[in-house]
Amino acid sequence: MHDTHSIMFITKRPDIEMVSGEGSWLTDHEGKQYLDFVQGWAVNCLGHSNPGIISALETQARKVINPSPAFYNQPMIELADLLTKHSCFDKVFFANSGAEANEGAIKLARKWGKIHKDHAFEIITFDHSFHGRTIATMSASGKPGWDTMYAPQIPGFPKADLNDLDSVERLINPKTVAIMLEPVQGEGGVIPATPEFMQALRALTKKHGILLIVDEVQAGCGRTGKLFAHQLSHIEPDIMTLGKGIGGGVPLAALLCTDAVACFEPGDQGGTYNGNPLMCAVGVSVIQQLTAPGFLDEVIAKGAYLKSRLLETSAEFGLDGERGEGLLRALKLGRDIANELVEEARIMAPIGLIINAPRPNLLRFMPALTVSRSEIDQMLVMLKQLLRHSPK
Ligand SMILES: *Cc1c(COP(=O)(O)O)cnc(C)c1O
């Protein structure tokens with residue numbers, strides 16, 4: 001283990017260095033293996049060291065890495081075409097992170113409001129939502145404590161309650177330009193918006209002539225078993241953002257919208273790396289693999305399998321059940337032992353387990369979409385071992 005004093009302290013990290021990965025497995029500097037059910041926070045949708053991603057990186061790096069965003073390039077065009085072909089959206093802007101894509105969505109909605117809604121700019125967002133770590137996306141987020149962390153916030157993000165239509169309707173006024181939500185709240189604790197709520201929001205936004213924005217940075221790209229999570233509710237939003245899974249582990253994100261909403265003019269939006277071919281080539285490989293025949297059906301089947309095994313575990317240990325969509329799931333522990341379990345899981349020997357606790361009483365599972373049933377079984381063997389020894 002190397003001396004780490006020059007790394008800026010932003011979070012407690014264990015004294016290990018991860019050196020390699022394959023599929024659902026990570027290996028540290030001492031050769032210890034870990035079964036990875038976090039995958040970089042639902043980022044590595046195809047697991048570690050996916051051959052298609054490696055090949056896309058190698059091939060593109062030999063052609064050109066950065067011709068500049070002033071020019072078109074082939075992977076940028078191909079990825080935009082793939083995304084519009086598989087969704088209800090017509091236009092795509094590429095970015096580097098989920099927060100940046102969401103910043104773009106906020107700007108696009110405000111620009112649209114300026115043109116079409118007499119400068120309306122308010123975007124209704126939700127309690128416990130998470131949209132990123134820039135100042136504007138922190139302001140849009142409903143994470144407790146974030147309203148004062150870097151005060152003052154950016155104004156114009158009133159908060160409603162998820163799955164409570166009245167709480168949304170009450171906030172609508174002539175300054176409202178959009179409603180923005182995660183179809184499944186990820187950081188908030190894997191809380192799905194119900195299809196009825198999504199459909200009601202679509203009807204409400206249509207009625208008031210305002211936009212519906214879905215932040216699918218975590219729930220998009222096959223995670224729920226649909227290519228995009230809003231497709232579970234059979235609705236067509238106006239704007240969608242993607243991140244995490246679309247890059248399969250490399251920094252790539254996207255802002256998508258319909259033709260009716262695409263109102264940026266030259267100078268309104270940009271970014272040094274937007275549409276860079278190295279990342280977009282990876283995105284092409286990711287979307288091609290996710291949309292290969294049968295791939296998403298397997299995600300649905302394995303999601304159902306993980307759900308049933310978590311429910312069985314919950315019953316066995318007297319826990320509070322589980323929730324989620326597809327391969328984004330959470331186990332409700334009923335008591336605040338999640339952080340301890342995450343620690344104990346990682347230090348288990350000879351094999352460690354990587355899981356995550358978005359809340360003190362909740363464990364989150366976001367394995368590679370390519371995870372096998374036997375890896376799910378193995379995870380549960382390890383988890384049960386931990387639960388058997390956890391404080392009551
Ligand atoms: C992770 C996440 C973001 C932020 O993405 P970054 O790439 O970390 O900027 C935004 N929205 C949701 C729903 C997320 O899960």
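Order of appearance sets the numbers: ligands from 1, and atoms from 1 within every ligand. Computed from heavy atoms alone, side chains included, the values below leave out hydrogens, waters and symmetry copies.
- Listed by chain and number, the residues in a ring pair (Phe, Tyr, Trp, His ring centres under 6.0 Å) with His86 amount to none (sequence neighbours excluded).
- In terms of heavy atoms, Thr241 sits closest to Ala101 at CG2-O, 3.5 Å.
- Annotation: ligand 1 has protein neighbours Ser97, Gly98, Ala99, Asn102, Phe130, His131, Gly132, Glu182, Asp215, Val217, Gln218, Lys244, each with a heavy atom less than 4.0 angstrom from the ligand.
- Between the side chain of Asn73 and the backbone N or O of Gly275, at least one donor-acceptor pair lies under 3.5 Å.
- Glu103 meets the side chain to side chain donor-acceptor pair (under 3.5 Å) test with Thr134; sequence neighbours excluded.
- Among pairs with a residue in residues 133-180, those fulfilling ring-ring contact (aromatic ring centres under 6.0 Å, His included) read Phe130-Trp146, at least two apart in sequence or across chains.
- Between the NE2 atom in His230 and the OG atom in Ser87 there is a gap of 6.5 Å [rounded to 0.5 Å].
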